[in-house]
Amino acid sequence: MRNEILEEPEMSALIRRVTDFLRSPRGRQLVERGRQEVGKPSNQRKLREIKARLGKRR
């Protein structure tokens, strides 16, 4: 793995690939599942706990 910062054309290619995936049927399915999981009260509680822990580090 290279230690260099991604060059502009490589970064653009990466962003394009991620965008293409998110627009695909599988990508849309995963985004919807993520939204459902975040909406669950138990997961919201876990996210608040993580946020509180990270906030103490600053």
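This chain uses plain numbering: 1 for the first residue, then up along the sequence.
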Salt-bridge contact Arg53-Glu49 (side-chain N to carboxylate O under 4.0 Å): no
Atom pair CZ/CD1 of Arg45 and Ile50 - distance to nearest 0.5 Å: 10.5 Å
Point-to-point distance, once rounded to the nearest 0.5 Å, from CD of Gln44 to NZ of Lys40: 11.5 Å
Exercise: do Gln36 and Arg33 side chains pair donor with acceptor under 3.5 Å: no
Side chain to side chain contact (heavy atoms under 4.5 Å, CB included) assessment of Asp20 paired with Arg16: CA-CA 6 Å; Asp20 290 346; Arg16 182 177 39 78; 3.8 Å; yes
Which atom of Arg23 lies closest to which atom of Arg28, heavy atoms considered: O-NH1, 2.7 Å
Heavy-atom pair with the smallest gap, counting every atom of Asn43 and Glu37: ND2-O, 2.8 Å
